[in-house]
Amino acid sequence: MHAVVVDARALDRPMPTASPEAAAVLLRECAELLQRRQNHGELGARVREVLLRRAAEGPTQDQVAAELGEEGTSYRAIVAETLGTMVGELLDAGLPVERVAHRLGYADASSFSVAFQRWTGRTPGGRGRERRSV
């Protein structure tokens, strides 16, 4: 186990390189990220709605997925959207492709890159360069 020991009085001192402008940008980005994550809660609400409506039938996962499919979505589409969002956030945060691959359970960066290219038509590195040039 590792620990960092800091004198509590140091926490009250202003940061010498603090920037109100940077703080405002970071707060705005955090709020946007939180909003995006909360929007993903809509699916959970839709699943709960189906479960409550069909509770007497004891719906299976396949039945719930089928009903959601009738609303214009599918399990595969939800997985792709969720993974795409997660990968985007991790790559945008500056994580190397190897770390993103590991976080998603891939054996190595190469396997992840092949899957990423199949999903998006481009490489993870290409996506990062694309975002930086915008």
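When reading the values below, keep in mind they use all heavy atoms of this one structure, side chains included, and skip hydrogens, waters and symmetry mates. Everything numeric in this text was worked out from a predicted model, so none of it was measured.
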- [ ] With rounding to the nearest 0.5 Å, note down the distance linking CG in Leu104 to CZ in Phe116.
- [x]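 Result: 10.5 Å between the selected atoms.
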TODO: To the nearest 0.5 angstrom, please state how far the CD atom of Glu98 sits from the CG atom of Asp108.
DONE: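 The distance works out to 9.5 Å.
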Task: Which residues share a side chain to side chain contact (heavy atoms under 4.5 Å, CB included) with Arg99, sequence neighbours left out - done: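 Expected list: Leu95, Pro96.
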Task: Which residues share a ring-ring contact (aromatic ring centres under 6.0 Å, His included) with Tyr106, sequence neighbours left out - done: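 Expected list: Phe112.
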TODO: Verify side-chain contact (heavy atoms from CB on, under 4.5 Å) between Glu67 and Arg53, making sure each step is shown before the conclusion.
DONE: CA-CA 11 Å; Glu67 187 161 332; Arg53 192 166 11 94; 2.3 Å; yes
Open item on the list: Is the shortest side-chain heavy-atom distance between Pro59 and Val50 below 4.5 Å?
Closed with: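 The answer is no, as the side chains (C-beta and beyond) never meet within the 4.5 Å cut-off.
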TODO: Check whether any side-chain heavy atom of Leu26 sits under 4.5 Å from a side-chain heavy atom of Glu29, and report yes or no.
DONE: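 Leu26 vs Glu29: side chains touch.
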TODO: Decide yes or no on side-chain contact (heavy atoms from CB on, under 4.5 Å) for Gln63 and Arg54, but give the supporting numbers first.
DONE: CA-CA 10 Å; Gln63 290 168 328; Arg54 298 183 65 176; 4.1 Å; yes
Task: Qualifying salt bridge (charged side-chain N to carboxylate O under 4.0 Å, His left out) pairs, either residue in residues 3-22, two or more places apart - done: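 Found Asp7-Arg9.
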Task: Option passing side-chain contact (heavy atoms from CB on, under 4.5 Å) with Ser113 (candidates Thr123, Val97, Val100) - done: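 One option only clears the test, and that one is Val97.
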